[in-house]
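Here is the naming used below: chain letters follow the sequence lines, and residue numbers restart at 1 for every chain. What you see is a predicted model, and the numbers here were worked out from it, not measured in a lab. All values below were derived from every heavy atom in this structure, side-chain atoms included, with hydrogens, water molecules and symmetry-related copies excluded.
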Amino acid sequence: MRKILVTSALPYANGSIHLGHLVEYIQTDIWVRFQKMQGNLVYYICADDTHGTPIMLMAEQENITPEILVKNIHIEHAKDFEDFHVNFDNFYSTNSSENKELSENIYRALVKNNKIFEKEIEQFYDTDKKMFLPDRFIKGECPKCRAKDQYGDSCESCGATYNPTDLNNPYSVLTGLSPVKKKTKHYFFKLSECSNFLSKWTKLDTLQKEARNKLDEWFKAGLSDWDISRDAPYFGFEIPDAPGKFFYVWLDAPIGYMASFKNFADNNKLSFDDFWKNNSDTELVHFIGKDILYFHALFWPATLEYSGYRKPTKIYAHGFLTVNGEKMSKSRGTFITARSYLDNIKNPNLLRYYYASKLNDSMEDIDLNLQDFSAKVNSDLVGKFINIPSRTSGFISKYFENKLVPIENIEDKKARDLILGIINIKDLVLEHYESRFFSKLIKLLMTQVESLNEFISQKEPWVLAKKEGQHKVNSDLHQICSTCLHAFRLVSIFITPVIPELTSKIALFFNESPYKSFSDIETEANEINKYEHLMQRLDLKDIEAMIVTKK
RNA sequence: AGUGAUGUAGCUCAGUUGGUUAGAGCGCAGCAUUCAUAAUGCUGAGGUCGAGAGUUCAAGUCUCUCCAUCACUACCA
């Protein structure tokens with residue numbers, strides 16, 4: 001049995017969960033549910049990422065403390081995840097005592113290993129706000145193309161990158177005032193000394209090929225040291241023995257994975273060290289978006305290495321979500337929050353299914369085409385999948401007292417082949433899940449369902465039902481409908497990680513408890529309950545309503 | 001600007017180490033059917049595989065150039 005600690009990236013606590021976030025959480029949740037159904041010991045850990053300047057300022061604007069802000073957001077996030085059936089074992093917060101302690105200890109270990117040094121740097125300072133300004137909080141004229149109102153790190157007009165001190169006529173986004181340059185002492189992590197370790201580590205099959213290509217750029221350019229401190233005022237953890245200096249949020253955010261697990265382990269009498277001590281034989285798997293690859297594939301493993309912890313086993317990066325082929329946009333109404341989806345479309349299974357049908361193991365972006373979305377889920381799930389019990393169970397109820405013919409008594413060769421065929425794809429199904437090639441999985445399963453619909457059309461049970469002797473137990477009619485329902489049940493078990501809530505209803509239809517293991521395919525159902533519609537078709541009007549709805 | 005990636009039917013995507021008339025689902029057209037949430041089955045139309053050049057007996061698949069789209073470029077997260 002494998003022991004796996006799985007994480008999704010920590011959502012930042014300054015806004016709502018949207019459909020882009022959900023690509024990652026749904027992808028991870030499917031993978032975790034798959035591992036659990038395989039009988040592996042898996043813990044799925046996450047937390048809100050709560051520190052940094054934006055959250056501090058947002059709280060100030062709302063006239064509440066940052067602590068209250070992140071607490072409110074946490075409640076909202078947790079509810080969104082729950083409603084999308086994203087089943088964390090622990091959803092915690094980086095603003096926790098566990099995280100503070102771990103961050104401090106890790107920092108001390110880095111100091112002890114001579115990986116931290118101090119350096120005085122010059123930064124823009126807002127004299128009115130009395131704070132140093134992050135790049136994103138300074139705007140000005142691009143030094144290259146002279147476009148106005150460009151951010152301090154790059155120009156959206158010409159794409160140039162530079163330092164905020166290069167801007168012409170810089171101003172503070174907070175006050176509009178011209179910031180002054182001011183010297184300040186910062187703490188740096190000697191990432192430049194980690195090249196050997198990192199270049200070795202990234203070749204250990206921990207990363208996707210594209211990700212490794214991307215990192216090679218960095219190695220070629222040479223790694224720079226990493227500024228891990230920020231000046232007060234800053235919402236975060238104060239650095240030990242450095243009053244007025246705080247950990248940069250990206251230092252304590254990944255440590256939040258550890259802290260969330262620590263919290264979980266303490267509450268469940270598990271061993272923290274078992275999963276985090278150096279050379280642990282457990283697996284540590286991070287699901288992330290491609291935008292935060294650097295933090296997870298450079299800073300994070302280096303931090304772990306030089307503070308004496310285990311390193312990640314796998315980092316799985318996925319692409320971004322586009323809606324109708326374009327970046328999500330508030331003005332187009334395609335910036336869709338989790339809550340807006342739930343309010344309008346209601347059924348989370350549809351999105352889970354759709355994402356699964358498009359996800360693979362690469363870092364490519366995936367597109368949510370809303371027309372395609374409704375066509376696909378209606379056609380696949382309602383028209384094909386749910387259609388199987390819908391068109392066969394009536395006969396079983398009407399003539400055979402809800403009893404199914406046992407699989408071993410099914411005589412027709414074609415019928416037996418259908419059932420065996422589905423049982424035989426098990427290895428392929430597991431392979432697609434393990435490799436995160438969910439699109440292939442969905443295609444494979446849908447092909448099975450298509451064969452079933454084809455089978456029903458060929459056998460014409462409705463014609464048989466009108467014939468003499470077909471209402472007796474074990475008749476052709478009984479066998480054909482039983483075959484389809486057995487096969488439908490098998491497909492349902494295979495697809496459970498994708499749409500667990502729907503298949504739990506299907507289990508109920510077969511008078512069973514929800515499917516918890518792939519070995520459930522070795523047993524069979526012998527009766528059904530009266531069929532009731534398992535899901536509704538998606539109406540395009542609901543999608544239109546969702547696009548208009550703005551938050 | 002640099003780097004990484006993507007560009008295959010109206011839409012969303014498959015296309016293994018280059019090998020016969022380029023595939024699927026949806027959509028569309030026609031037929032069949034009525035058990036089923038106008039669901040299903042069968043048949044068909046539809047593509048100069050982003051553009052151009054090259055290597056090869058043979059290229060969607062390899063090389064180069066160009067175009068378009070996306071992402072990243074370290075003190076926003």
Side-chain angles (χ1 to χ4, degrees), chain A residues 9-15 49 51-55 121 123-124 132-137 144 151-155 158-161 163-164 186 188 191 210-218 220-221 223-231 248-250 253 289-295 298-299 319-320 322 324-327 354 357-358 360 362-369 371-376 378-380 382-384 386-395 398 439-440 442-443 446-447 450 452-458 460-465 477 481 531 533-537:
Chain A
L10 312 186
Y12 200 53
N14 71 339
D49 181 14
H51 293 152
T53 308
I55 286 179
I121 62 167
Q123 249 193 325
F124 274 129
F132 285 96
L133 294 165
D135 289 4
R136 276 284 146 143
F137 290 86
K144 295 238 168 68
Y151 286 111
D153 49 2
S154 68
C155 174
C158 72
T161 57
N163 290 320
H186 272 229
F188 285 77
L191 192 69
E210 308 103 294
R212 217 171 312 153
N213 286 345
K214 202 76 185 103
L215 286 187
D216 280 342
E217 283 177 36
W218 291 77
K220 260 181 243 163
L223 300 179
S224 310
D225 294 324
W226 183 35
D227 186 348
I228 57 158
S229 68
R230 294 294 181 274
D231 286 288
Y248 170 44
V249 56
W250 263 111
K290 62 182 179 182
D291 53 331
I292 55 175
L293 186 64
Y294 299 114
F295 297 104
L298 292 180
F299 304 142
F320 290 158
T322 55
N324 292 337
E326 291 177 310
K327 237 191 274 195
Y354 188 74
S357 79
K358 308 204 100 175
N360 56 36
S362 82
M363 290 177 16
E364 287 166 40
D365 292 351
I366 71 168
D367 185 45
L368 167 64
N369 181 291
Q371 295 274 331
D372 184 57
F373 171 60
S374 101
K376 182 153 208 143
N378 284 337
S379 166
D380 284 7
V382 182
K384 292 174 183 169
I386 288 304
N387 195 32
I388 303 296
S390 175
R391 67 193 300 204
T392 54
S393 60
F395 297 113
K398 195 165 174 190
S439 61
K440 282 189 178 167
I442 295 295
K443 195 161 276 185
M446 257 331 119
T447 308
E450 279 167 21
L452 291 176
N453 275 311
E454 200 180 312
F455 177 74
I456 296 171
S457 293
Q458 279 171 12
E460 301 181 311
W462 57 93
V463 175
L464 291 176
L477 177 65
C481 294
Y531 179 79
H533 287 326
L534 289 161
M535 61 177 283
Q536 305 299 316
R537 299 176 67 78

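As a whole-Å value, the separation of A:Y248 OH from B:C76 P is 6 Å. Atom-to-atom, CG of A:N324 to P of B:U69 comes out at 18 Å; the value is rounded to the nearest Å. The separation between A:D372 atom CG and B:C13 atom P is 8 Å, rounded to whole Å. Between the CH2 atom of A:W250 and the P atom of B:C75 there is a distance of 11 Å, rounded to whole Å. When the P atom of B:C75 is taken as reference, atom CG of A:L298 falls 13 Å away, rounded to whole Å. In this structure, the CG atom of A:D367 is 16 Å from the C1' atom of B:G25, given to the nearest Å. Atoms NZ (A:K358) and P (B:A24) sit 19 Å apart, rounded to a whole Å. Rounded to whole angstrom, the span from the CD atom of A:Q536 across to the P atom of B:A36 amounts to 17 Å.
Look at the P atom in both B:C11 and B:G7: the space between them is 15 Å, to the nearest Å. Of the C1' atoms belonging to B:A53 and B:C67, the separation is 15 Å, rounded to the nearest Å. Nucleotides B:U37 and B:A22 are separated by 41 Å at their P atoms, to the nearest Å. Nucleotides B:U56 and B:A68, compared at atom P, are 32 Å apart to the nearest Å. Rounded to a whole angstrom, the distance from the C1' atom of B:U33 to that of B:G10 is 28 Å. Distance check on atom P: B:G50 versus B:U12 gives 15 Å, rounded to whole Å. Comparing the C1' positions of B:A74 and B:U55 gives an interatomic distance of 41 Å, to the nearest angstrom. Atom name P, nucleotides B:G18 and B:G47: the rounded distance is 28 Å, in whole Å.
In this structure, A:L534 reaches the bases: a heavy-atom distance under 4.0 Å links it to at least one base atom across the strands shown. Contacts of A:E454 with the nucleic acid, taken as non-hydrogen atoms under 4.0 Å apart, involve only primed sugar atoms and P, OP1 or OP2. Across all strands, A:M446 comes closer than 4.0 Å to no nucleic acid atom at all (heavy-atom distances). Nucleic acid contact for A:F132: none, since no nucleic acid atom lies under 4.0 Å from a heavy atom of the residue. In this structure, A:S224 reaches the bases: a heavy-atom distance under 4.0 Å links it to at least one base atom across the strands shown. A:N378 comes within 4.0 angstrom of no nucleic acid atom, judged by non-hydrogen atoms across all strands. A:N360 comes within 4.0 angstrom of sugar-phosphate atoms only, judged by non-hydrogen atoms across all strands, and of no base. At a threshold of 4.0 angstrom between heavy atoms, the contacts of A:P461 with the nucleic acid are absent. Among the protein residues, A:K214 comes within range of the nucleic acid bases, having at least one heavy atom under 4.0 Å from a base atom. Within 4.0 Å (heavy atoms only), A:F373 reaches no atom of the nucleic acid at all. Contacts of A:G52 with the nucleic acid, taken as non-hydrogen atoms under 4.0 Å apart, involve only primed sugar atoms and P, OP1 or OP2. Contacts of A:D49 with the nucleic acid, taken as non-hydrogen atoms under 4.0 Å apart, involve only primed sugar atoms and P, OP1 or OP2. A:Q458 comes within contact range of no nucleotide atom at all, as no heavy-atom separation falls under 4.0 Å. Here A:I386 lies in heavy-atom contact (under 4.0 Å) with a base.
The nearest pair of heavy atoms linking A:D49 to A:I55 is O-CD1, 3.8 Å. A:E364 and A:N360 get closest at one heavy-atom pair: OE1-ND2, 4.5 Å. The two residues A:S439 and A:K358 make their nearest non-hydrogen contact at CB-C, 4.0 Å. Contact record, A:K214 with A:L293: CB-CD2, 4.3 Å, taken as the closest heavy-atom pair. The shortest heavy-atom contact between A:P54 and A:N14 is CB-ND2, 4.3 Å.
Under 4.0 angstrom from either OP1 or OP2 of B:G23 there lies no side-chain N or O belonging to A:K443. Regarding contacts with the backbone of B:G25, every side-chain N or O of A:K384 stays at 4.0 angstrom or more from both OP1 and OP2. Proximity of A:K327 to the phosphate of B:A71: a side-chain N or O atom is located under 4.0 Å from OP1 or OP2. At the phosphate of B:A39, OP1 or OP2 sits under 4.0 Å from a side-chain N or O atom of A:R537.
Candidate nucleotides B:U12, B:A77, B:C75 were compared by shortest atom distance to the side chain of A:P134, and B:C75 ranks first. The side chain of A:F299 has B:A74 as its nearest neighbour among B:C72, B:A74, B:C70. Counting only heavy atoms from C-beta on, A:E364 has its side chain closest to B:U6 among B:U12, B:C35, B:U6. The side chain of A:N387 has B:A39 as its nearest neighbour among B:C76, B:U37, B:A39. Closest approach to the A:A375 side chain among B:C26, B:A71, B:C11 is made by B:C26 (side chain taken as heavy atoms from C-beta onward). Out of B:A36, B:A77, B:G25, the shortest distance to the side chain of A:S390 is found at B:A36. The A:Y12 side chain lies nearest to B:A77 when the options are B:A77, B:G25, B:G41. Across B:U37, B:A36, B:A77, the shortest atom-to-atom separation from the side chain of A:Y531 is found for B:U37.
Between A:S229 atom OG and A:I121 atom CD1 the span is 7.0 Å, to the nearest 0.5 Å. Going from atom CD1 of A:I228 over to atom NE2 of A:H186 covers 11.0 Å, rounded to the nearest 0.5 Å.
Base pairing analysis places B:G23 opposite B:C13; the two distances defining the Watson-Crick or G-U wobble pair are each below 3.5 Å. Pairing partner, B:A32: B:U40, with both Watson-Crick or wobble hydrogen-bond distances short of 3.5 Å. Searching all strands for a Watson-Crick or G-U wobble partner of B:A71 with both distances below 3.5 Å returns B:U3. With a cut-off of 3.5 Å on both pairing distances, the Watson-Crick or G-U wobble partner of B:G52 is B:C64.
With a 6.0 Å radius and a threshold of 12 heavy atoms from other residues, nucleotides or ligands, A:E450 has its CD atom above the threshold.
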Next item on the list: Check step by step if side-chain contact (heavy atoms from CB on, under 4.5 Å) holds for A:M446 and A:S379.
Entry: CA-CA 11 Å; A:M446 257 331 119; A:S379 166; over 6 Å; no
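Of the residues near RNA chain B, A:E450 and A:H533, the one whose nearest nucleotide (by heavy atom distance) lies more toward the 5' end is A:E450.
By the 30° and 60° cut-offs, the orientation of the rings of A:Y248 relative to A:W226 is perpendicular.
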